[in-house]
Number of protein chains: 2
Amino acid sequence: MNIGTIAAKSGVPAKTIRYYESIGLIPSASRRPNGYRDFDRDDLQTLRFIQHARGLGFAVKDVADLLALWREKKRASSDVKALALRHLESIDRKIAELGTMRRAVEHLVHRCHGDHRPECPILEDLAGDLDRA
Amino acid sequence: MNIGTIAAKSGVPAKTIRYYESIGLIPSASRRPNGYRDFDRDDLQTLRFIQHARGLGFAVKDVADLLALWREKKRASSDVKALALRHLESIDRKIAELGTMRRAVEHLVHRCHGDHRPECPILEDLAGDLDRA
DNA sequence: TATGTGGCTTCCAGTCATGGGAAGGTCAAG
DNA sequence: CTTGACCTTCCCATGACTGGAAGCCACATA
């Protein structure tokens, strides 16, 4: 299977597959006599695994750990769960941060008339009071 | 005012201030005979403005636009509001995306026993069914 | 057989918003 | 006079790719 084929089947762009190979996330694909990479069904399954994990927001480093766990038949599911829980917490932190921003921005937006006049509470708030802090 | 002083007063690290100067977000600071940058109260106000806007999640490019609007006395507040609304929408998109991830990850976490055994629904789900798609 | 098109290869650079650290000049205190 | 805390410029690294150049390879058509 050429890289373009496995890219289409896995949803991972060819460019990204080469990148994953270069950082060691996936093993180096075997080569045909003409130098082209040659992928098989195992590679496809690995790339789909990666694609799913990335889609859930796992960092590439975490995906590497998940792949190792996946291949390790003597793994403890607690290790997988711990990794996923850490990820869940990091998602929650990001959501909380965005929520704080969202409320602040929305508050500003609501106070701004949004017409042809220059007066704007958004800019006034951003400017703040020079003698305040 | 030396860069370290304005860094402390604005909350923007000295390193970042030099970077902002290099990309033209702030004007080039004047220099003392010894080559040190010399900042004044206007610079401090500008950096505080930037710091607030960045804290609300505005991209540096957007901050540049906000700064231009701030300095433009003949601005229309509708331009400021439009920019803020676009930002609000981008925040909402990110929150929605993270929310989707959160639900999926949480679902997996709940189904995983998390003990010494290797069976793990998280890995099974990530692996998917090779003959499915 | 020549030519075109598309796929494959490697390598370099850019993205975004910094942070780290090296090499070297400056300044105030002890 | 030497320390230590500043300041300067410069280049490299981050994360996770993406774009593009230069050049080979494969196959279909004229």
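In this text the structure is predicted, and so the values were computed from the model without any measurement. Letters go in sequence order (proteins before strands), and every chain restarts at 1.
Checked for salt-bridge contact, A:Arg86 and A:Asp62 miss the test: no charged N lies under 4.0 Å from a carboxylate O.
Listed pair B:Arg37 / D:dC7 fails the phosphate criterion, with no side-chain N or O lying under 4.0 Å from OP1 or OP2. Side-chain nitrogen and oxygen atoms of B:Arg54 include at least one within less than 4.0 Å of the OP1 or OP2 phosphate oxygen of C:dT18.
Contact detail for B:Arg111 and B:Asp125: the closest heavy-atom pair is NH2-OD2, 3.7 Å. Smallest separation of non-hydrogen atoms from A:Ser77 and B:Cys112: O-SG, 3.7 Å. The minimum heavy-atom distance between B:Gly114 and A:Ser78, with the atom names listed, is O-CB, 3.3 Å.
Counting only heavy atoms from C-beta outward, the side chains of B:Leu56 and A:Leu108 approach each other to under 4.5 Å. Counting heavy atoms from C-beta outward, B:Met101 and B:Glu97 have side chains that approach closer than 4.5 Å. Using a 4.5 Å heavy-atom cutoff, the side chains of B:Ile3 and B:Tyr36 are not in contact. At least one side-chain heavy atom of B:Val12 sits under 4.5 Å from a side-chain heavy atom of B:Tyr20.
Within the 4.0 angstrom heavy-atom criterion, only backbone atoms of the sugar-phosphate kind lie near A:Arg31; the bases stay farther away.
Whole-Å rounding puts the A:Asn2 CG to D:dC27 C1' distance at 13 Å. As rounded to whole Å, 15 Å separates atom P of C:dG7 from atom CZ of A:Arg32. Across the protein-nucleic acid pair, B:Phe58 atom CZ and C:dT18 atom P stand 15 Å apart, rounded to whole Å. Between the P atom of C:dA17 and the CD1 atom of B:Ile50 lies a distance of 12 Å, rounded to the nearest Å. The interatomic distance linking A:Gln51 (CD) with D:dC17 (C1') rounds to 13 Å, in whole Å.
Contacts between residues 13-25 of chain B and DNA chain C, defined by a heavy-atom separation under 4.0 Å, are made by B:Pro13, B:Lys15, B:Thr16, B:Tyr19, B:Tyr20.
A:Ile6 contributes atom CD1, which lies 7.5 Å from atom CG of A:Asp40 (distance to the nearest 0.5 angstrom).
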Between the protein and nucleotides 23-25 of chain C, list every N/O to N/O distance that falls short of 3.5 Å.
residue	atom	partner	partner atom	Å
C:dG25	N2	B:Tyr36	OH	2.8

